[in-house]
Amino acid sequence: MLDHSHRGTILLISSLNFTSFLMMGIPGLEALHHWISIPFCALYFIALLGNCLILFIVKKTQSLHEPMYYFLSMLAVTDLGLVLCTLPTTLGIFWFNIRRIGFDACLTQMYFIHILSFIESSVLLAMAFDRFIAISHPLRYPSILTKATVIKIGLAIILRGMVSLLPIPFLLKRLTYCGKTELSHSFCFHPDIMNLACADIKVNVFYGMIILLSTVGMDLIFIVLSYILIIKTVISLATKEECLKALNTCVSHICAVLIFFIPMIGLSMIHRFGKNIPPLVKTLVAYTYLIIPPALNPIIYSIKSSHIREALFRALWRKSESDW
């Protein structure tokens, strides 16, 4: 039998030598990971191709050099970043069963995943503001959302995400880790890492909650307020056709908001309050949050935006003509 002091020494040594985590694929379906990787590869391919096409079309089409499409480009860049953050570790597990990730690498991945999530939330708010100005104050729209204003909004969004999340890696580094080292996902997520610590995590929980509510929470509230004002404006329009035309410009954005915020809120609630929820549910919600929006956003905007669709057809037509 080991005495208490000796066991304490072993525990301290194990925490000091702690250098890595073990990531998780899809629990209970490890034998099927190679097959499961096929739909994941398809989603990643669609996300990469679709968002690159959006950026290419907006850059090459002069008529799309407007605030609405600049914000759409920001969304596409953010989605590309989210895809590139999770793709290496997710496919590494599915294809090669590479589960181990270094502590510093995990913190880096976590930091960028959360930054890009916060940036996406802010970009969706900026897009809601864009739609509100375009519908409620169409004559003042060009003077309010100038190119310089859009650039300032973009820089403010990036700065807010970086500064608000900067303390998180340092708050995690100060914790002692021992015993369990297995994460719940194929990527690093702040609540997931935090819950592996064998130390007091009250500061981490409090700071994480405050940051989440003051950024993503406020973004969602202002998005809802924007649409309340948009609906109020639309109702006052003279004809039904004008109402439908105004609302139709918002459909793509509403879909993007729903597919981003619903799984994000769900995952946050699961990590904080869903201790008895099956691991498979937690895993599926996490993948829905990080992989589905980047894949669906370019599809939604290509289908619903006639300007994007026409520009895409023109680009494909020119390409086919040049091949002939």
Donor + acceptor pair across side chains of Ser117, Tyr289 (<3.5 Å): yes

message: Just so I know, are the side chains of Thr61 and Arg314 near enough to count as touching, which here means a heavy-atom distance under 4.5 Å?
response: yes

Ile230 versus Ala128, closest heavy-atom pair with distance: CD1-O, 4.3 Å

Side-chain heavy-atom pair Ile26, Phe94 within 4.5 angstrom cut-off: yes

- prompt: Under the 3.5 angstrom rule, does the side chain of His65 hit a backbone N or O of Lys59 as a donor-acceptor pair?
  reply: yes

- prompt: Within the side chain of Glu120, is there an N or O that forms a donor-acceptor pair under 3.5 Å with the backbone of Phe118?
  reply: no

field: Among Leu172, Ile201, Ile168, side chain to side chain contact (heavy atoms under 4.5 Å, CB included) partner for Ile193
entry: Leu172

- prompt: Under 6.0 Å from the NE2 atom of His33, do we count more than 12 heavy atoms belonging to anything else shown?
  reply: yes

query: Do Thr90 and Tyr287 touch side chain to side chain, with heavy atoms closer than 4.5 Å?
result: yes

statement: Note: Ile308 and Ile54 closest approach over all heavy atoms is CG2-CD1, 4.1 Å

field: Interatomic distance, Leu290 atom CG to Leu267 atom CG [nearest 0.5 angstrom]
entry: 7.5 Å

- prompt: Do His253 and Tyr227 have ring centres separated by under 6.0 Å?
  reply: yes

- prompt: side chain to side chain donor-acceptor pair (under 3.5 Å) between Asp130 and Tyr70: does it pass, once the steps are laid out?
  reply: CA-CA 11 Å; Asp130 169 80; Tyr70 290 145; over 6 Å; no

query: Taking atom CG of Asn51 and atom CG of Leu75, what is their separation to the nearest 0.5 Å?
result: 7.5 Å

task: Inspect the surroundings of OH in Tyr207 and state if more than 12 heavy atoms from other residues, nucleotides or ligands are less than 6.0 Å away.
output: yes

message: Please report the interatomic distance CG(Asp192) to CD(Glu182), rounded to the nearest 0.5 Å.
response: 10.0 Å

Nearest heavy atoms of Ile93 and Arg99, plus distance in Å: CG1-CA, 4.3 Å

task: Run the numbers on Thr89 and Ser186 for side chain to side chain donor-acceptor pair (under 3.5 Å), then give the verdict.
output: CA-CA 6 Å; Thr89 51; Ser186 60; 5.2 Å; no

message: Tell me if the CZ atom of Arg309 is crowded by more than 12 foreign heavy atoms within 6.0 Å.
response: yes

- prompt: Is the distance between the ring centroids of Phe129 and Phe222 under 6.0 Å?
  reply: no

query: Can you tell me how far CG of Leu82 sits from CD1 of Ile119, rounded to the nearest 0.5 angstrom?
result: 9.0 Å

query: Shared ILVMFWY cluster between Leu171 and Met162, side chains joined below 4.5 angstrom?
result: yes

query: Between the side chains of Arg160 and Ser122, is a donor N or O closer than 3.5 angstrom to an acceptor N or O?
result: yes

- request: Look up atom OH in Tyr177 and atom OG1 in Thr181, then write down how far apart they are to the nearest 0.5 Å.
  value: 12.0 Å

query: To the nearest 0.5 Å, how far apart are OG1 in Thr146 and OH in Tyr141?
result: 11.0 Å

query: Are side-chain heavy atoms of Tyr69 and Ser305 found at a separation under 4.5 Å?
result: yes

message: For the CE atom on Met269, are there more than 12 heavy atoms of other groups (residues, nucleotides or ligands in this structure) within a distance under 6.0 Å?
response: yes

- request: Decide yes or no for Ile265 and Leu220: does some side-chain heavy atom of the first lie under 4.5 Å from some side-chain heavy atom of the second?
  value: yes

- prompt: Honestly curious: do Phe103 and Leu166 fall in one hydrophobic cluster under the side-chain, below-4.5 Å linking rule?
  reply: yes

- prompt: Are the charged groups of Asp200 and Arg174 less than 4.0 angstrom apart, N to O?
  reply: no

- request: Would you please indicate if the ring centroids of Phe189 and His271 are separated by under 6.0 Å?
  value: yes

task: Could you pull out the closest heavy-atom pair between Pro263 and Thr288, with the gap in Å?
output: CB-CG2, 4.0 Å

- prompt: For Ile211, does its backbone N or O pair with a side-chain atom of Ser214 as donor and acceptor, under 3.5 Å?
  reply: yes

field: Side-chain touch Pro169/Met110, heavy atoms, less than 4.5 angstrom
entry: yes

Residue that, paired with Phe71, satisfies side chain to side chain contact (heavy atoms under 4.5 Å, CB included) out of Leu125, Ile153, Leu124, Ile157: Ile153

